[in-house]
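Below: the structure, in structure tokens.
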Protein chains: 2
Amino acid sequence: MSETQQHDIYPSMTVSTDNKTEKIAPIKLGERLKEIRKTLGLTLEEASQKTGLARSTLSKIENEQISPTFQAMQKLTTGLQIDIPQLFSAPKKVTATGRRDITRNEEGKAHPTSTYEHELLAIQLTNKKMMPFKSKVRARDFSDYSAWIRHDGEEFLLVLSGEITFFSEFYEPVNLQQGDSVYYDANMGHMLISISDDDALILWVTAS
Amino acid sequence: MSETQQHDIYPSMTVSTDNKTEKIAPIKLGERLKEIRKTLGLTLEEASQKTGLARSTLSKIENEQISPTFQAMQKLTTGLQIDIPQLFSAPKKVTATGRRDITRNEEGKAHPTSTYEHELLAIQLTNKKMMPFKSKVRARDFSDYSAWIRHDGEEFLLVLSGEITFFSEFYEPVNLQQGDSVYYDANMGHMLISISDDDALILWVTAS
DNA sequence: TAACAAAGTTTCCTTTTGGAAACTTTTGTT
DNA sequence: AACAAAAGTTTCCAAAAGGAAACTTTGTTA
């Protein structure tokens with residue numbers, strides 16, 4: 001039909017993405033989907049194969065000619081590996097802050113403990129989403145710790161040099177060498193010991 | 001009909017899980033909706049008035065006899081003043097997830113571009129707060145880029161080997177050597193080039 | 001436990017979605 | 001410019017959703 005009968009398919013709605021609830025103007029689900037598909041570099045045909053939805057159906061959804069069923073939406077989210085909030089949250093809010101903080105090698109802020117020698121990075125910036133630091137792992141034995149280390153958030157760890165054993169509450173210990181990395185939930189008990197001749201050097205990034 | 005004709009409305013769906021991508025039971029949207037309605041102390045009739053959906057329709061949704069359209073879902077969320085994620089991530093809030101994902105050296109998922117060779121780490125885990133990856137910086141000149149790279153979130157970068165120049169929109173270029181790191185807002189235009197003989201190797205962690 | 005009301009379910013029918021295929025537009029190639 | 005291939009849109013129809021009303025179940029009171 002040439003006379004677009006764009007009846008308002010979408011009323012306004014609120015979505016709470018992370019921790020803040022934001023009111024989002026009438027969501028253009030179709031528009032949003034198209035954006036996502038484009039950034040994934042997919043054609044309708046490819047998206048069709050990934051999602052199991054017909055190419056024509058995808059087209060109609062993108063052009064807001066139909067309102068997909070929940071079923072269809074599930075196929076979308078699973079097929080394209082996105083999660084539902086992503087489908088709704090507006091793509092951009094330009095908070096063009098332009099912060100930058102450089103930390104030269106060995107010039108972070110030292111913070112020694114009995115088991116680690118931490119070197120905090122990027123301490124000039126506050127309100128960061130991530131906390132990066134390098135650590136020299138001095139612990140050599142399980143008994144160097146009194147209990148699991150456990151805290152909020154998620155943690156990423158990369159071995160910069162040496163070799164360590166990574167203990168965690170729900171898994172068997174693993175050895176990690178230079179270049180190896182782990183990502184884990186930090187509320188799961190965890191601890192590290194060096195097993196190389198020299199104390200291992202670790203890069204750590206935490207987010208909560 | 002007393003013989004429940006439960007045709008599978010909801011395909012299985014994977015939700016953020018352990019390092020072994022686990023298939024979580026099909027989301028019981030209906031069940032969830034019923035829970036919500038009950039805690040709000042509403043009858044189907046009242047919910048019907050609030051949402052504008054027929055009482056019968058609500059019943060069918062709750063009993064998983066139909067898969068609501070997105071339109072219907074919006075009426076639900078606006079009418080009952082809930083947000084979408086709430087509809088899905090129902091009885092969760094299991095704080096003690098114990099996810100863990102190890103990526104051995106060089107065994108991340110390759111993702112080459114004209115300027116970088118990215119190696120994505122910890123790809124088994126979804127719904128991460130951070131996205132870690134290593135990159136070999138192939139770009140050698142400003143002109144290798146067509147425009148500033150800019151995206152949501154914050155970024156932390158550590159030079160694993162080699163030397164780079166870090167260009168950014170609001171600052172003078174700086175050279176970074178092995179062990180040096182930067183933390184910056186990724187919506188500020190940025191780009192990297194290698195200036196060492198060998199292509200520099202970078203660790204990158206993004207959070208948004 | 002009969003009678004009634006309120007809540008919830010099912011039926012029946014209309015409207016809308018979703019898929020296959022026809023059709024149109026865009027992109028690239030010679 | 002002419003054509004072919006790829007990408008996207010529209011059409012047509014079967015299948016599924018949504019609403020009104022009939023029906024069933026649950027709960028309350030006499």
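All figures in this text were calculated on a predicted structure; none of them were measured in a lab. First the proteins, then the strands, lettered A, B, ... as listed; each starts at 1.
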*With sequence neighbours left out, what residues match E155(A) under salt bridge (charged side-chain N to carboxylate O under 4.0 Å, His left out)?*
none
*Considering residues at least two apart in sequence or located in another chain, which fulfil the side-chain hydrogen bond (donor to acceptor under 3.5 Å, both in side chains) criterion with E119(A)?*
none
*Take atom NZ of K60(B) and atom P of dT11(C), then tell me their distance rounded to the nearest Å.*
10 Å
*Over how many whole Å does the gap from Q49(A) atom CD to dG19(C) atom C1' extend?*
15 Å
*For side-chain contact (heavy atoms from CB on, under 4.5 Å), just list the numbers for F156(B) and L121(A), CA-CA rounded to whole Å, side-chain angles, deciding distance to a tenth of an Å, and then say yes or no.*
CA-CA 10 Å; F156(B) 171 76; L121(A) 309 175; 3.6 Å; yes
_Using OP1 and OP2 only, check whether a side-chain N or O of Q65(A) sits under 4.0 Å from dT9(D)._
no
*Using whole Å, report how far CD1 of I66(A) lies from C1' of dT15(C).*
14 Å
*Under-4.0 Å salt bridge between E31(B) and K34(B)*: no
*For the pair made of CD in Q71(B) and C1' in dA16(D), what is the distance, rounded to whole Å?*
15 Å
_Between T103(A) and A122(A) (side chain of the first, backbone of the second, donor and acceptor by atom type, cut-off under 3.5 Å), is there such a pair?_
yes
*Pick base, sugar-phosphate or nothing for L53(A), based on heavy-atom distances below 4.0 Å to the nucleic acid.*
sugar-phosphate
*asked:* Rounded to whole Å, how long is the line connecting atom CD of E62(B) with atom P of dT9(C)?
replied: 7 Å
Tabulate atom names and distances for all N/O pairs under 3.5 angstrom spanning the protein and nucleotides 4-8 of chain D.
unit_1, atom_1, unit_2, atom_2, d
dG8(D), OP1, K38(A), NZ, 3.0
dG8(D), OP2, L44(A), N, 2.9
dG8(D), O6, R55(A), NH2, 3.3

*Which whole-number value in Å describes the distance from I61(A) CD1 to dT10(D) P?*
15 Å
*Between dT17(C) atom P and E64(A) atom CD, what is the distance in whole Å?*
12 Å
*Quick one: sort the F142(B) and W148(B) rings into parallel, tilted or perpendicular, breaks at 30° and 60°.*
perpendicular
_Quick check on the helix from dT1(C)-dA30(D) to dT30(C)-dA1(D): what's the angle between its two end axes, five base pairs per end, to the nearest 10°?_
30°
*Indicate the ring-plane relationship of H118(B) and F133(B), choosing parallel, tilted or perpendicular according to the 30° and 60° boundaries.*
perpendicular
*Send over the distance from F70(A) CZ to dG18(C) C1', rounded to a whole Å.*
17 Å
*From the options dG18(C), dG19(D), dG19(C), select the nucleotide whose nearest atom is closest to the side chain of K75(A).*
dG19(C)
*Could you give all pairs that pass the salt bridge (charged side-chain N to carboxylate O under 4.0 Å, His left out) test and reach residues 40-60 of chain A, with sequence neighbours left out?*
E45(A)-R55(A)
*Base, sugar-phosphate, or nothing: which does T69(B) touch, judged by heavy atoms less than 4.0 Å apart?*
sugar-phosphate
*Taking OP1 and OP2 of dG19(C), is either one under 4.0 Å from a side-chain nitrogen or oxygen of T57(A)?*
yes
*With sequence neighbours excluded, what pairs up with E107(A) under the side-chain hydrogen bond (donor to acceptor under 3.5 Å, both in side chains) test?*
none
